[in-house]
Every structure is written in C-alpha cells, then in structure tokens.
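Notes for the one structure printed next.
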Amino acid sequence: MRRVPAAVRSHGHLSIAGAVGRRADGTIPDDVEEQTEIAIVLIAEILRLEGFDLSALVDVTSYHVDIHRHLPGSSKIKARLINPLPPTWSLIGVSGLVNPGPLVEIRATAAYPDAA
C-alpha cells in the first residue's frame with residue numbers, strides 16, 4: 001500500500017509533507033525519473049482533492065540522494081510535469097533519506113486563492 005504524504009491547511013496555504021516515488025504496490029523504482037514522476041503525481045492528487053492543480057504550488061523543496069548524478073533525470077520530469085511557470089524550488093543534496101531506496105523526496109506548499 002502506498003503511503004500518501006500528509007497535508008495541512010494553514011493561513012491560506014496547503015503544506016504537503018515529503019512525497020517519495022513509491023508505487024501503489026509498495027515497490028520503489030530504481031530510476032530517479034520514475035520516482036520523481038510518482039512523487040509529483042502524488043502531490044498533484046493531493047492538490048486535486050483540494051480543488052487545485054500543480055499551478056497552485058508556490059514553493060517546493062526537493063531532497064536528492066547523490067544530487068549530481070540524479071538531478072538531470074529529476075529535472076527532466078519536473079520540466080515536463082510542472083509548467084509553464086514553476087514555483088520557487090530549492091534543491092538539496094543529501095546522503096540518504098529515512099528509508100532506503102528513494103532517491104528523491106519532494107515537499108510542497110500551495111496557496112489558496114485570496115478571499116474576495
């Protein structure tokens with residue numbers, strides 16, 4: 001069973017905890033491109049449940065194991081799925097994530113529209 005990241009609504013923002021690229025059957029792909037796509041799709045599903053799409057993102061932080069090796073593949077997927085104007089995005093290289101296997105973890109913040 002895939003673990004869905006937690007999301008909390010506060011002060012006009014939706015904060016989404018770190019999403020990793022774990023398939024629905026619990027397995028983790030070996031390549032960073034598939035992992036990145038799964039993580040972004042999970043974030044998109046959380047946003048959809050709130051009535052948004054990926055364009056609502058205002059700030060994203062991604063954590064990359066062996067960043068210099070895996071960033072090109074992750075960036076390719078990011079460019080394909082999050083366009084035309086991406087949110088601010090911080091990239092952090094790490095030696096590892098909490099669980100073995102994931103090569104990227106993505107946390108995100110979306111903004112609710114201003115009340116009229």
Candidate pair Ile82 and Val60, rule side chain to side chain contact (heavy atoms under 4.5 Å, CB included), full reasoning: CA-CA 11 Å; Ile82 300 179; Val60 177; 5.7 Å; no
Listed once per pair and sorted, the ring pair (Phe, Tyr, Trp, His ring centres under 6.0 Å) pairs that draw on [range], sequence neighbours left out:
range: residues 14-53; result: Phe52-Tyr112
range: residues 53-76; result: none
range: residues 15-42; result: none

Minimum-distance pair of heavy atoms, taken over all atoms of Val104 and Ser74: CG2-OG, 4.2 Å
Nearest non-hydrogen partners of Ala19 and Ala39, listed with the distance: O-CB, 3.6 Å
From Thr36 atom OG1 to Ile106 atom CD1, the distance as rounded to the nearest 0.5 Å: 5.5 Å
Value rounded to 0.5 Å, distance of CD1 in Ile40 from CD1 in Ile77: 7.5 Å
Just list the side-chain donor-acceptor pairs under 3.5 Å for residues 85-99, sequence neighbours left out, or say none.
from: Thr88; atom 1: OG1; to: Val58; atom 2: O; distance (Å): 3.0
from: Thr88; atom 1: OG1; to: Asp59; atom 2: OD1; distance (Å): 2.6
from: Trp89; atom 1: NE1; to: Ser62; atom 2: OG; distance (Å): 2.7

Heavy-atom donor-acceptor pair, Gln35 side chain to Leu103 backbone, under 3.5 Å: yes
Ile38 and Arg22, any side-chain heavy atoms less than 4.5 Å apart: no
Common cluster, Val32/Leu71, ILVMFWY with side-chain heavy-atom separation under 4.5 Å: yes
Single-linkage hydrophobic cluster Leu81~Ile43, side-chain heavy atoms < 4.5 angstrom: yes
Residue pairs fulfilling side chain to side chain donor-acceptor pair (under 3.5 Å) with at least one residue in residues 100-111, sequence neighbours excluded: none
Where at least one partner belongs to residues 47-58, residue pairs that pass salt bridge (Lys or Arg N to Asp or Glu O under 4.0 Å), sequence neighbours excluded: Glu45-Arg48
Residue pairs fulfilling salt bridge (Lys or Arg N to Asp or Glu O under 4.0 Å) with at least one residue in residues 76-95, sequence neighbours excluded: Glu33-Lys76, Glu37-Arg80
